[in-house]
Amino acid sequence: MEQLNKQLEEGFLLHHHHEQRLINHREVANGDKLEPPESYNEKPYYDDEKPYSKIKLMNKLHFINTMKAEKMKNAVVSKLRIAKIRDLALQFISMLLLLCILFHWKPLRGGGGDVADSDFYKSLPPERVYESNGYLMISSNGGLNQMRSGICDMVAIARYLNVTLIVPQLDNTSFWNDQSQFADIFNVDYFIESLRDEVKILKQLPEDSKLKIAESGSLYSMAPVSWSNMSYYYNKILPRIKSFDVLHLTKSDARLANNGVPEEVQKLRCRVNYQALRFASPIEKLAKKIVRVLKRNGPFLVLHLRYEMDMLAFSGCNEGCSAEEIRELTAMRYAYPWWKVKEIDSEKVRREGLCPLTPEETAMALRALDVDPKIQIYIAAGDIYGGERRLASLREAFPRLVKKETLLPEKDLTPFRNHSNQMAALDYHVAVEADIFAPTYGGNMAKVVEGHRRFLGHRKTILLDRKAIVGLVDRYKNRDMSWDEFSTAMKEAHSDKMGQPTRRLEIAGKPKDEDYFYTNPQECLPDHHLQD
């Protein structure tokens, strides 16, 4: 304290000396006569006053400067005390926040996620220690579920190549133009930590690797061959990683074979898909809210009704559309140069079962299969082409037709607007939890949800046979069969298409034609769930 006072006094003396120099300088330069404040009630100093008046003036100047110095000293001391109190307060607040983090909120390190399951922390697996062969970067491609399955494949590949995986980048350039990143859709911290006993995953490349790439001016990138087995990755991909240290794979969809893959690889694909890939907290919370609302009102069926404009345009299917709508759909198909097939025979592809079912065909099939007309039907899809006009027959057959937009207040969905993959994630969760799931087209969501429901105990999934359905619908409309005959034939066509245990169809040399691994992950199911 003595030292502080000494420093303050030195400062005040310096200030006083400087101030006095300014006063003297002003008097010399301008010839001004200094006037003391009126509050002192002293007479002004004039040149014709007696000399002793100058002495009085100097005394008063000394008094004024002393008072100013004292006031400044007090002000500085006061500020120092306030600063000290503020520092103590900040330290106290920081300590409180640290205690809150330690005892109340425990996110996994690294940020970007929200893992609130305390049991998870208690059972975190020990990290697998291995010498990494390099870094694997992934650019996922396609829609949500195409990227989801590709990510699962890449984790398994990274694990068995003994490399470090960088959290995959999602596709922001697809038709849907969704700019969501991995952490916007999936719980990135849970993803990383829950797999720590298998593979090391980083959110980004280490700085030294970034610097090397920047200095070289290039990043080795390639697209792996589709439907490859693990030997391809051992013999073709691993040497490149070892050579370049960092390898960037530009595609992830269907890059690992459905069959002929070691069982441990298949089981890791399942673990990633059904355990490690949790949705981000905002998506998970809202999806669970939708499920609660639906369950409160009884059983519900999720109908993945693929009847959006882009689906119809690119498939060339226009059953039930007006001439104007057909022109609009055709124009859309021609507007995208990357879609190679322009001329499509709509009737032909429909007869072959290659078109998504219309709402009318869907309504007839579900009624013929004796689905309760009082059940809630949740439509998991984007905007239905033709709107309520095309939904009229479906609504007539199943009046309790709902979708997330009708179940939730607008404010709940606002954060997810213009993010098609996040909206699809909401529907995915609801579809997995449904009493019944029925897709009208065999796209990626239909396939991945079917497999997820199998994994959870073969929950009822009506795999609508589009080729059989359109044939029966046409016969019924042409009055070639009665409703009872129509219903009987529909049930026969779907007797083995209700999500029962079954073997995955394998076709050697034709991976596109055989059953998709994620549709029926039989290696991950108990043996008694399988049947020949």
Side-chain angles (χ1 to χ4, degrees), residues 145 291 294-295 298-307 311 350 353-381 384 391 393-403 424 427-473 476 483-505 515-516 518-522 525 529 531:
N145 295 288
V291 172
L294 287 165
K295 287 187 174 181
F300 67 97
L301 179 152
V302 168
L303 181 65
H304 188 38
L305 186 61
R306 292 306 315 273
Y307 206 74
M311 183 71 219
R350 176 177 175 268
L354 302 178
C355 285
L357 295 174
T358 67
E360 297 88 347
E361 292 166 345
T362 303
M364 293 180 66
L366 294 179
R367 287 300 302 272
L369 291 169
D370 289 341
V371 173
D372 186 353
K374 295 180 181 179
I375 196 172
Q376 298 174 95
I377 291 191
Y378 174 94
I379 296 180
I384 301 303
L391 286 173
S393 58
L394 182 60
R395 191 178 296 279
E396 182 180 2
F398 299 93
R400 300 179 69 192
L401 209 60
V402 298
K403 51 186 180 178
D427 285 343
Y428 182 97
H429 180 93
V430 179
V432 169
E433 295 297 321
D435 296 285
I436 307 173
F437 174 61
T440 62
Y441 189 74
N444 287 292
M445 177 171 172
K447 294 175 181 177
V448 180
V449 169
E450 177 190 344
H452 203 151
R453 290 173 65 85
R454 288 184 185 278
F455 180 81
L456 294 174
H458 294 281
R459 295 176 177 177
K460 186 174 182 179
T461 301
I462 303 177
L463 304 173
L464 295 169
D465 186 330
R466 297 185 302 280
K467 186 174 182 179
I469 289 172
V470 297
L472 291 172
V473 166
Y476 177 74
W483 176 261
D484 287 342
E485 291 171 331
F486 174 75
S487 179
T488 299
M490 191 70 71
K491 291 170 185 172
E492 289 176 354
H494 291 84
S495 61
D496 59 347
K497 294 178 174 59
M498 295 292 172
Q500 305 98 320
T502 185
R503 289 280 179 183
R504 192 170 61 240
L505 176 64
D515 286 345
Y516 190 35
Y518 292 100
T519 298
N520 187 6
Q522 61 192 31
L525 307 176
H529 283 167
Q531 63 182 31

Check your understanding: If you take all heavy atoms of P359 and L394, which pair is closest and at what distance?
Key -> O-CB, 4.0 Å
Exercise for review: To the nearest 0.5 angstrom, please state how far the OG1 atom of T362 sits from the CG atom of L305.
Suggested key: 5.5 Å
Exercise for review: Check whether any side-chain N or O of R466 sits under 3.5 Å from a backbone N or O of L357 as a donor-acceptor pair, and report yes or no.
Suggested key: no
Review point. When rounded to the nearest 0.5 angstrom, what is the spacing between OG in S487 and CD in E492?
Key: 10.0 Å
**Study point:** E485 atom CD, over 12 foreign heavy atoms within 6.0 Å
**Key:** yes
Check your understanding: Which pairs count as side-chain hydrogen bond (donor to acceptor under 3.5 Å, both in side chains) when at least one residue sits in residues 367-378, sequence neighbours excluded?
Key -> D370-K491, Y378-D427
Review point. Rounded to the nearest 0.5 Å, how far does CD1 of I462 lie from CG of L303?
Key: 9.5 Å
Study note, to complete from the structure: So OG1 of T502 and NE2 of H458: to nearest 0.5 Å the spacing works out to 9.5 Å
Check your understanding: Atom NZ in K460, atom CD1 in I436: separation rounded to 0.5 Å?
Key -> 4.5 Å
Practice item. To the nearest 0.5 Å, tell me how far E360 CD sits from Y307 OH. Key: 6.5 Å
Review point. Do you know the tightest heavy-atom contact between F437 and A446?
Key: CE2-O, 4.0 Å
Exercise for review: Could you tell me whether the side chain of L391 reaches within less than 4.5 Å of the side chain of I379, counting heavy atoms only?
Suggested key: yes
**Study point:** Qualifying residue, where the test is salt bridge (charged side-chain N to carboxylate O under 4.0 Å, His left out) with E450 and the options are R453, R454, K447
**Key:** R454
**Study point:** Q522 (side chain) donor-acceptor with R504 (main chain) under 3.5 angstrom
**Key:** yes
Check your understanding: Looking only at atom types and distance, does a side-chain atom of T488 sit under 3.5 Å from a main-chain N or O of D484, one as donor and one as acceptor?
Key -> yes
Check your understanding: Does Y518 reach the side chain of N444, with side-chain heavy atoms less than 4.5 Å apart?
Key -> no
Practice item. For the residue pair Y476 and W483, categorise the inter-ring angle as parallel (less than 30°), tilted (30 to 60°) or perpendicular (more than 60°). Key: perpendicular
Check your understanding: Can you name the closest pair of heavy atoms from I377 and F398 and give their distance?
Key -> CD1-CG, 3.4 Å
Point to revise | Minimum heavy-atom distance between Y441 and L354, given as atom pair plus value | key: CE1-O, 3.4 Å
Review point. Minimum heavy-atom separation for L464 to A365, with atom names?
Key: CD2-CB, 4.4 Å
Check your understanding: Do side-chain atoms of D435 reach the backbone of L301 as a donor and acceptor pair under 3.5 angstrom?
Key -> no
Practice item. Report yes if the side chains of M490 and I469 come closer than 4.5 Å at any heavy-atom pair, otherwise no. Key: yes
Point to revise | R459 vs H452 side-chain heavy atoms within contact, under 4.5 Å | key: no
**Study point:** Contact summary for H429 and V291, nearest pair of heavy atoms
**Key:** CD2-CG2, 3.9 Å
Check your understanding: Are the side chain of T440 and the backbone of H304 linked by a donor-acceptor contact shorter than 3.5 Å?
Key -> yes
Practice item. Before giving the answer on side chain to side chain contact (heavy atoms under 4.5 Å, CB included), spell out for V402 and L294 the whole-Å C-alpha distance, their side-chain angles and the decisive distance to 0.1 Å. Key: CA-CA 9 Å; V402 298; L294 287 165; 3.9 Å; yes
